[in-house]
Amino acid sequence: MAAPFELSCWGGGWGLPSVHSESLVVMAYAKFSGAPLKVNVIDKTWRGSRGDVPILTTEDNIVSQPAKILNFLRKQKYNADYELSAKQGADTLAYIALIEEKLLPAVLHTFWVESDNYFSVTKPWFASRIPFPLSLILPGRISKGALNRILLTRGEPPLYHLREVEAQIYRDAKECLNLLSNRLGTSQFFFGDTPSTLDAYVFGFLAPLYKVRFPKVQLQEHLKQLSNLCRFCDDILNSYFRLSLGGISPAGQETVDANLQKLTQLVNKESNLIEKMDDNLRQSPQLPPRKLPTLKLTPAEEESNSLQRLSP
């Protein structure tokens with residue numbers, strides 16, 4: 001059996017093995033191709049300040065960036081596209097380019113630029129997995145990098161203002177989702193019954209958008225209206241990532257969360273009931289304590305008790 005490759009990536013949450021799209025792409029492709037992969041979650045063990053994961057490490061190589069990692073795995077004969085035709089291979093490249101051009105900017109904006117999402121979800125999640133003091137610096141640096149990437153690719157005439165850029169990238173992302181939904185149709189995967197590189201890319205970018213609970217869900221709401229794409233993500237999670245990194249199935253995680261919420265509500269109700277009972281007891285009329293009657297002995301009984309205490 002071949003020695004497993006080691007993949008360093010961000011950890012999981014919300015029923016996902018990783019919340020990082022590019023890490024999910026590599027993890028899904030390794031599952032599809034049968035590549036032996038040992039996942040090394042970088043939570044609490046961050047060593048750099050750039051956040052350039054995923055990183056694949058072998059005895060002789062260190063490879064970063066999803067496209068390069070997938071090419072390396074293919075050279076090691078772990079090829080998920082072995083049965084694709086030349087036309088299907090060309091379609092794969094075209095759809096990946098479409099995802100990176102049309103969908104990626106909106107995903108970056110949803111996670112790293114939209115202020116409500118960033119401050120309530122993205123920043124706390126990533127900061128909790130980075131040691132101090134980098135936890136104060138790195139999320140903000142990634143956020144600025146995401147914004148700069150969006151503006152460099154889309155901030156051109158006639159889109160001068162950020163709001164105009166945001167409106168355009170979300171229009172493009174919705175169009176991209178519609179095209180992916182139409183291409184998938186009722187099929188299990190994009191090229192039949194066997195998952196390939198395109199399935200890994202689509203899953204990697206859609207699953208976090210589908211599963212992470214954001215306060216601002218503009219693009220998420222549109223995705224959830226495309227039932228075949230949601231089914232596609234659920235099928236891959238259930239078939240290839242049944243157990244998450246924490247040992248809980250994606251479907252089971254929602255049950256755990258629901259049970260925890262019910263338990264919290266029950267404890268709160270009991271606490272409120274106890275406090276109400278305490279208040280009622282404090283407000284009830286207080287009676288003075290009753291004194292126990294004192295028994296008086298006759299002189300003869302006192303003398304008898306004294307003799308008993310003195311006798312051996």
Side-chain angles (χ1 to χ4, degrees), residues 10 13-14 16 18-26 28 65-67 91-123 125-126 142-185 187 189-190 197-237:
W10 288 106
W14 296 279
L16 297 171
S18 175
V19 301
H20 184 236
S21 291
E22 294 181 339
S23 297
L24 270 182
V25 170
V26 177
Q65 300 178 10
D91 288 346
T92 296
L93 296 177
Y95 275 103
I96 291 175
L98 177 71
I99 290 169
E100 292 180 343
E101 180 184 355
K102 301 291 187 179
L103 183 60
L104 177 57
V107 172
L108 290 174
H109 190 277
T110 299
F111 274 83
W112 294 102
V113 181
E114 171 58 56
S115 59
D116 288 346
N117 294 343
Y118 174 71
F119 286 107
S120 63
V121 177
T122 308
K123 183 179 179 180
W125 192 91
F126 279 87
I142 299 176
S143 177
K144 291 179 181 178
L147 178 59
N148 289 337
R149 182 170 181 174
I150 292 171
L151 293 177
L152 284 173
T153 56
R154 297 303 179 89
E156 301 175 351
L159 304 178
Y160 293 102
H161 301 291
L162 181 58
R163 287 191 177 181
E164 295 175 344
V165 174
E166 291 173 356
Q168 183 62 48
I169 64 175
Y170 279 105
R171 282 195 296 269
D172 290 345
K174 291 176 181 179
E175 180 184 355
C176 179
L177 292 177
N178 292 338
L179 291 172
L180 292 173
S181 177
N182 291 333
R183 178 64 182 82
L184 180 63
S187 301
F189 301 109
F190 281 88
T197 297
L198 179 57
D199 298 282
Y201 268 89
V202 174
F203 171 75
F205 283 94
L206 294 193
L209 191 64
Y210 172 44
K211 289 293 186 179
V212 178
R213 299 182 185 122
F214 291 114
K216 291 291 184 68
V217 292
Q218 178 183 170
L219 191 57
Q220 190 178 69
E221 286 181 343
H222 185 79
L223 172 59
K224 289 185 176 181
Q225 293 174 2
L226 305 172
S227 58
N228 61 339
L229 293 181
C230 297
R231 184 263 308 159
F232 169 83
C233 293
D234 287 331
D235 286 350
I236 291 179
L237 284 171

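- Across every non-hydrogen atom of L180 and I99, the tightest pair is CD1-CG1, 4.3 Å.
- Of all heavy-atom pairs spanning A106 and L219, the tightest one is CB-CD2, 3.7 Å.
- Contact annotation: the side chain of L198 never approaches that of D91 to less than 4.5 Å [non-hydrogen atoms, C-beta and beyond].
- Across all their heavy atoms, S23 and H20 have their closest contact at OG-ND1, 2.8 Å.
- Within the 4.5 Å cutoff, side-chain heavy atoms of L237 are placed close to those of K211.
- A donor-acceptor pair is defined here as one N or O able to donate and one able to accept, closer than 3.5 Å; such a pair exists between the side chain of Q220 and the backbone of L209.
- Atoms SG and CG, from C233 and L226 in turn, are 10.5 Å apart once rounded to the nearest 0.5 Å.
- Formation of a donor-acceptor pair under 3.5 Å by the S181 side chain with backbone atoms of L177 is not found in this model.
- Looking at heavy atoms from C-beta onward, N228 lies in side-chain contact with R231 at the 4.5 angstrom threshold.
- Ring orientation note: the planes of F190 and F232 are nearly perpendicular, at an angle over 60° on the 30°/60° scale.
- Side-chain contact between V121 and W14 is present, with at least one heavy-atom pair separated by less than 4.5 Å.
- Of all heavy-atom pairs between F203 and P208, the closest is O-CD, 4.2 Å.
- Atom CD of residue E100 and atom OH of residue Y201 lie 6.0 Å apart, to the nearest 0.5 angstrom.
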Requested in this report: Start with the C-alpha distance between F214 and D116, add both sets of side-chain angles, then the distance that settles side-chain contact (heavy atoms from CB on, under 4.5 Å), and finish with yes or no.
Outcome: CA-CA 8 Å; F214 291 114; D116 288 346; over 6 Å; no
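- In this structure, R171 CZ and C176 SG are separated by 15.5 Å, a value rounded to the nearest 0.5 Å.
- Remark: the T122 side chain and the N117 side chain contain no N/O donor-acceptor pair separated by less than 3.5 Å.
- In this structure, Y95 and V202 have side chains that are not in contact, with every pair of non-hydrogen atoms separated by 4.5 Å or more.
- The two residues K224 and Y210 come nearest to each other via the heavy atoms CE-O, 3.7 Å.
- The NZ atom of K102 lies 7.0 Å from the CD atom of Q168; values are rounded to the nearest 0.5 Å.
- Relative ring orientation between F126 and W112 is described as tilted, the plane-to-plane angle lying within the 30° to 60° band.
- The shortest non-hydrogen separation linking L103 to L206 is CD2-CD2, 3.8 Å.
- The CG atom of L93 lies 9.0 Å from the OG1 atom of T197; values are rounded to the nearest 0.5 Å.
- Side-chain atoms of S18 never come within 3.5 Å of backbone atoms of L24 as a donor-acceptor pair (strictly under, hydrogens ignored).
- Between the CD1 atom of I142 and the CG atom of L108 there is a distance of 11.0 Å, given to the nearest 0.5 Å.
- The shortest distance between side-chain heavy atoms of F111 and S21 does not fall below 4.5 Å.
- Enclosure of atom NZ in K174 by more than 12 non-hydrogen atoms of other residues, nucleotides or ligands within 6.0 angstrom is indicated.
- None of E166, E114, R149, Q218 except one satisfies the side chain to side chain donor-acceptor pair (under 3.5 Å) rule with H109; the exception is E166.
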